[in-house]
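Below is one structure; the comments refer to it alone.
Numbers restart at 1 for each chain; the letters A, B, ... are given by sequence-line order, proteins then strands.
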Number of protein chains: 4
Amino acid sequence: MSAPKKVVLAYSGGLDTSIILKWLQTEYGCEVITFTADLGQGEELEPARQKAELLGIKPENIYIEDIREEFVRDFVFPMFRANAVYEGLYLLGTSIARPLISKRLIEIAEETGADAVSHGATGKGNDQVRFELSAYALSPEIKVIAPWREWDLSSRTKLLEFAEANQIPIAKDKRGEAPFSVDANLLHTSSEGKVLEDPAEMAPDYVYQRTVNPEDAPDTPEFIEITFEKGDAVAINGEALSPATILTQLNEYGRKHGIGRLDFVENRFVGMKSRGIYETPGGDILLEAHRGIEQITLDSGAGHLKDSIMPRYAELIYNGFWFSPEREMLQALIDESQKHVTGTVRLKLYKGSAKTVGRWSDHSLYSEAHVTFEEDAGAYDQKDAAGFIQLNALRLKLLAVRNKRVKS
Amino acid sequence: MSAPKKVVLAYSGGLDTSIILKWLQTEYGCEVITFTADLGQGEELEPARQKAELLGIKPENIYIEDIREEFVRDFVFPMFRANAVYEGLYLLGTSIARPLISKRLIEIAEETGADAVSHGATGKGNDQVRFELSAYALSPEIKVIAPWREWDLSSRTKLLEFAEANQIPIAKDKRGEAPFSVDANLLHTSSEGKVLEDPAEMAPDYVYQRTVNPEDAPDTPEFIEITFEKGDAVAINGEALSPATILTQLNEYGRKHGIGRLDFVENRFVGMKSRGIYETPGGDILLEAHRGIEQITLDSGAGHLKDSIMPRYAELIYNGFWFSPEREMLQALIDESQKHVTGTVRLKLYKGSAKTVGRWSDHSLYSEAHVTFEEDAGAYDQKDAAGFIQLNALRLKLLAVRNKRVKS
Amino acid sequence: MSAPKKVVLAYSGGLDTSIILKWLQTEYGCEVITFTADLGQGEELEPARQKAELLGIKPENIYIEDIREEFVRDFVFPMFRANAVYEGLYLLGTSIARPLISKRLIEIAEETGADAVSHGATGKGNDQVRFELSAYALSPEIKVIAPWREWDLSSRTKLLEFAEANQIPIAKDKRGEAPFSVDANLLHTSSEGKVLEDPAEMAPDYVYQRTVNPEDAPDTPEFIEITFEKGDAVAINGEALSPATILTQLNEYGRKHGIGRLDFVENRFVGMKSRGIYETPGGDILLEAHRGIEQITLDSGAGHLKDSIMPRYAELIYNGFWFSPEREMLQALIDESQKHVTGTVRLKLYKGSAKTVGRWSDHSLYSEAHVTFEEDAGAYDQKDAAGFIQLNALRLKLLAVRNKRVKS
Amino acid sequence: MSAPKKVVLAYSGGLDTSIILKWLQTEYGCEVITFTADLGQGEELEPARQKAELLGIKPENIYIEDIREEFVRDFVFPMFRANAVYEGLYLLGTSIARPLISKRLIEIAEETGADAVSHGATGKGNDQVRFELSAYALSPEIKVIAPWREWDLSSRTKLLEFAEANQIPIAKDKRGEAPFSVDANLLHTSSEGKVLEDPAEMAPDYVYQRTVNPEDAPDTPEFIEITFEKGDAVAINGEALSPATILTQLNEYGRKHGIGRLDFVENRFVGMKSRGIYETPGGDILLEAHRGIEQITLDSGAGHLKDSIMPRYAELIYNGFWFSPEREMLQALIDESQKHVTGTVRLKLYKGSAKTVGRWSDHSLYSEAHVTFEEDAGAYDQKDAAGFIQLNALRLKLLAVRNKRVKS
């Protein structure tokens, strides 16, 4: 790979990406463009602009954008249509944000004529894979610079020395080692490393940042209603809201009631296990509600097919293959199923749980006329069940006859 | 089908199966053998014996058995090895009990020379299918009598008239209509019908029988440890226990903390939707714990394969195909995966939730040496990730090149 | 079910459906509308009109239609996009025609105000299921009359007596028993029953009707080129042709070269095994060609996903669920994959086989630059493979370490 | 990685692996142990011994073994139980041999105290992955030396110079470039590269080495019978034979009749497409026969489940994951299905095709009593089909009612 001339850097404004910024300038002598996105991580963006300027980035090379609506509308919601969970429990909060960041990096590279992009993910994690697969899928000729895999700044001490040597301001609280590492966006906060590295040990309370401890949540349940159209949430308690606003409000409900905490050991795509603490307050509520509305609007054929491909779909997103033909094929299948996933779910929020307690829809397939224990006025002829069972049993009977015959 | 001569009836001792007992005698003039099982439903069995005798069943034709250990060891535990849930949420508490009852019905029929078995499931539900597919799979020549599909006792009034006309004692509380219908065993209690038929309406509190309301559960969390060997729970808090004893104790923990409540609309195999309230106090804890121990003892290849076939496995159990070659094939796959699923999980029980907060095992695949944020002494070479990503990206790059070429 | 007033009958003009026609008139006293379709079965349709008139059907109630183009365009081609084969070998030639016939029956019923449809499939086969599931899916209130499940004309003798008693003309060759039963359309001919019922016995030569015996096929191979656009065949040897014309021509090539014969024992949806002789001359060629063009235009992610869902898709079509949400979801997935399945395949036809010998496309993903044994000018860095392997191996190494540790 | 001290080399005796042998000695100054296996590739092994000695390998360090029986019994046959084909057509002939070679390399390394193994696969192909994943799975601490990824002998000229400089004998026909590259074992021969690199061009006749051209095959069909026990072939024409003998004989039949040729473009695990010519004469016959015996001995539940997981199983073998938990889990599933796959298949071999024309078994599930067009004496009640269809249709009807209601 020839040396990059102009690099678009995913820049948070924090110490690590500031060091990367400077390292790119010194190592490659290249022009750096910074991209800082508001994905709902809950941090001010203006300090990132000031810091970028301080590090010598030209104002026209500083991109700062609020992409929360695009994030929820085009990434989070399509994923929730699938009820996607990774390894049974993880709602993919970090995974789903990476392809969008890469998409913007590539778009800015194309606008500015940059020949490379760069990110601050380490060589041990999944995020490097997600950033880079997305980048290459969108721009096959792009160069990707992953400083953590290249440089020799392999200890905290070396990083701080580099920062000091390059006049990078160091916040007081960054002098010492952080007790764990954090990623956040509108869908979730993840914490991992350091004090969390022993999966036998309970995570300390101070790790949790997005949710109150269920013990400290209100002693009285709260009930909310979420309305869906074609599989996407469109209103809370009857008020129509934009995608990002819905997720923001659900996060507030979840935070208050201590919903969405997960202590999890997962299999990384790069081959090792890691332990993370995830908080997905609004996501947990949304998943429960989406399942609730599907219960009455999807038939079993559609629902079971969705369930059967979901693990593969979640794995693709986890592994970084959002921009791949197979993810798009599965999305086509999922979206086809959601045409009638329209209606309203009522949920009870209480001390760490969100539970469906009612659901209704003009699109409902639930037929009280059929299921009733009362007289059903001929809606269903119980005698049909005899034939149904006989033909389902036929092959089992033939097997039993064969197995007895051959053994004896 | 020729008329049955001797019938083994799954007999609860309640009003409905007593009516069936008498109806079999009068309709077919056949000898009736009663089978009453303790599956952990929480009812005394001796009254069933007395009632059977009262209805003229010979003592040697009354079979009363405690099959709780067999139930948990050979049915519940194998199913939990798969983390089986139906349609995302239901732990299959009713489904998994039916094949065992059929198995005993058929064994008793073979011992006693009976040519038929009978059950009290209606023609609208799944249980008829589960009973009968199991029966035919084990005994292809057996006759199955399903009175609810045959007789004309189609209303409560007609049933009570039949009971009175045949000197069947009617408990006072059975005179009126029950407000909902219940099935129970050691794994769960389900309630459905009547007051629960509108899925928009929240289930009334009095429906719940196995768990306290989370609001009434202790205000302080409780922590327990469950130990697994080869995928099965073998001890609680370090005390080795039999399968049924473990589930019984977990039920007690779950009841106390309001764990395992589910308000659910499901797709029946017979083609309609129904709404049920399920309580699976011990099951919810066990599922969470089993996932917790798998997190550190299963590798991703095994885990993802299990996840991908789980929906099919759960569907088979739900639909009544426990005794089928495909369920046995899937079980062989699942059991193969559990050889090292051995270790201990620590859980927090609080106000409706059971959550893993720690797990450890001699069989752990978690490698702190690999995952650490600290120096890893060469356990992992971050530069390997570059090649890993390049080759995973290659086809995506080729796609991108193609797609750009052809469009333009 | 109340008695039907007006019935649309799938009418071939043959003896059996003529008997059904008369039986419907006499049994139910209802008006009968006949629908006779040209699906490429290779029979004249006008005799069916004359016979219907003879049996008293009013001219305006006789529907005769050539639906070959719709059949191939909307049913056969979408299915071939999936490379669908049932149980490894069967190209679903009968299965795929049934939903189209039902669709037209229902449409005619709606146009004419008929309240029922009827077909000549027996109660043992799959076709009754396919006809009726399609009918109900399109018109939930429709009545379906399946005379073979209802009447008592259970022997050849009784059928002929009924025919004679009702002045139904009987062709001379129908007096005796046919040695086997046939279904045919543009995609295939199936033969089953009678002389074919012993699956150990080789099918006699006279069973084959659509293909020459490979031994009698030309001694010289013939080469043809098939061009695809978005997954569908659009031209043969460079000549653009309509869907039905393409299949017709491929049938001619296949017939000549003895291609597409299959001796098969399959599992019917109704629970029994049956043995059929299938001839799918054009279909075999088309499947081979479609696989050939996919080889260079689909990437592995798309191809492997398609392969993994194909058996389920084929099973749905076989079982009669063409008009179901899950088939439509799978079709959306498959169609999404075919956007670039455009290009040309060269095939060698010889003595029973059609084999791809070359393929090319503007949409090709094949990169000689990457795969070459020669110098590749940096297209591919072999050193990347080391990292790729190391990270794929990591979990296997961790497993090996664990397994050695725990055993010892 | 520290330098290897003792290396076990997969040694064919050919020029390339002889160069590797010498390169290992000179580059690393390490002791080399050669392992040469008879996998049925059709070459004498003694020349390899002589050449190894000539290159200075001590006699006790030369391992030459006939592992054909192990190859077929423990690798080929288990794979054929699954009817495994990769991407619809490829019988995995190369893929399945690699794990066995690695297994022996590792066993020899353990016996001799070697700390490394080495192979001659290039950095572009799948074989490096298969060799190395197998090696690491069996011996996590082993070093693997892949000279093609390390050295700078990147052209034919450089290789020959190195050979001459190191007194490695060069066969006359190796002076020029081979027109394509070959791999062979008892299951198949593959040819790729050079003259085959353009997938549009028909492969020249001289590429085929294991089969006669179908045009040159006998003009008269030949019929053979293959007997299976529990899924494995055990006899041909009634003569019991060992696994390797069976495959050898089937190869002879296949060669004679021109069976098993495949012109194929596949997706390599490393991300690129490649074109290969495969000849699998015995394998094609065996696959057809195995499908034939499964047709009457497997029920639909077992068969459809096998079909649905087959693509994943084949992909695992192709990608090199033979020694992985998920392959072993799938094998457990497959083997569970084969308990009754016992019986005999009759095949017609003619001009490139092997086709099942009859099959019979004591374990047959085929029931003429059920399927017959004649009177079936009550084996099957056609009226059962009505109920079967009604309940299968119920959800489709409810969908149709809903879809009409909501649209209007």
Side-chain angles (χ1 to χ4, degrees), chain B residues 1-2 123-124 128-129 133 137 149 267-273 297-309 312-313 316 319 321 323-340 365 367 378 381 387-399 402, chain D residues 1-2 123-124 128-129 133 137 140 149 267-273 297-309 312-313 316 319 321 323-340 365 378 381 387-399 402:
Chain B
M1 192 178 78
S2 60
K124 284 193 171 179
Q128 57 175 342
V129 188
L133 292 184
R149 297 199 304 256
N267 293 293
R268 289 191 185 159
F269 188 27
V270 294
M272 67 185 70
K273 288 182 179 293
T297 56
L298 274 192
D299 98 306
S300 62
H304 293 196
L305 178 56
K306 276 192 73 203
D307 286 351
S308 75
I309 59 87
R312 176 92 183 100
Y313 176 86
L316 286 170
N319 288 356
F321 290 93
F323 295 113
S324 71
E326 62 271 30
R327 203 279 308 170
E328 286 162 7
M329 289 162 65
L330 289 170
Q331 195 71 54
L333 178 149
I334 291 159
D335 291 355
E336 172 73 26
S337 74
Q338 300 291 295
K339 290 177 182 170
H340 287 279
L365 293 164
S367 170
D381 183 348
F388 180 73
I389 294 170
Q390 281 303 328
L391 294 208
N392 272 298
L394 179 50
R395 68 178 177 97
L396 302 178
K397 290 183 181 181
L398 291 168
L399 278 163
R402 189 267 307 271
Chain D
M1 193 177 79
S2 59
K124 284 193 170 181
Q128 57 174 343
V129 189
L133 293 184
R149 296 200 305 256
N267 293 293
R268 288 190 185 160
F269 188 27
V270 294
M272 67 183 71
K273 288 183 179 292
T297 57
L298 274 191
D299 98 307
S300 61
H304 293 195
L305 178 56
K306 277 191 71 203
D307 286 351
S308 74
I309 59 89
R312 176 91 183 99
Y313 176 86
L316 285 170
N319 288 356
F321 290 94
F323 295 114
S324 71
E326 62 271 30
R327 203 280 308 170
E328 287 163 7
M329 289 162 65
L330 288 170
Q331 196 70 54
L333 178 149
I334 291 159
D335 291 355
E336 171 73 25
S337 76
Q338 301 290 295
K339 291 178 182 169
H340 287 279
L365 292 165
D381 183 349
F388 180 72
I389 294 170
Q390 281 303 328
L391 294 208
N392 272 298
L394 179 49
R395 69 179 175 97
L396 302 177
K397 289 182 182 181
L398 291 169
L399 279 163
R402 189 268 307 271

Point-to-point distance, once rounded to the nearest 0.5 Å, from [atom1] of [X] to [atom2] of [Y]:
{"X": "Arg268(B)", "Y": "Leu394(D)", "atom1": "CZ", "atom2": "CG", "value": "11.0 Å"}
{"X": "Asp335(B)", "Y": "Leu333(D)", "atom1": "CG", "atom2": "CG", "value": "11.5 Å"}
{"X": "Leu316(D)", "Y": "Leu305(B)", "atom1": "CG", "atom2": "CG", "value": "8.0 Å"}
{"X": "Lys306(B)", "Y": "Glu326(D)", "atom1": "NZ", "atom2": "CD", "value": "14.0 Å"}
{"X": "Leu330(D)", "Y": "Glu336(B)", "atom1": "CG", "atom2": "CD", "value": "10.0 Å"}
{"X": "Met329(B)", "Y": "Lys339(D)", "atom1": "CE", "atom2": "NZ", "value": "10.5 Å"}

* With only heavy atoms counted, which part of Ser324(B) is less than 4.5 Å from chain D, the side chain, the backbone, both or neither? -> neither
* **Those residues that, when tested against Tyr313(D), pass ring-ring contact (aromatic ring centres under 6.0 Å, His included) (two or more places apart)** =>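 With neighbours one apart ignored, the set is empty.
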* Structure fact -> Residues passing the side-chain hydrogen bond (donor to acceptor under 3.5 Å, both in side chains) test with Arg327(D), sequence neighbours excluded, are Gln331(D)
* **For chain D, the option from Gly301(B), Pro325(B), Gly378(B), Ser300(B) that forms the most heavy-atom pairs under 4.5 Å** => Gly301(B)
* Can you see which heavy atom on Leu398(D) is nearest to which on Gly271(B), and at what distance? =>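 Between these two residues, the closest heavy atoms are CD1-O, 3.8 Å.
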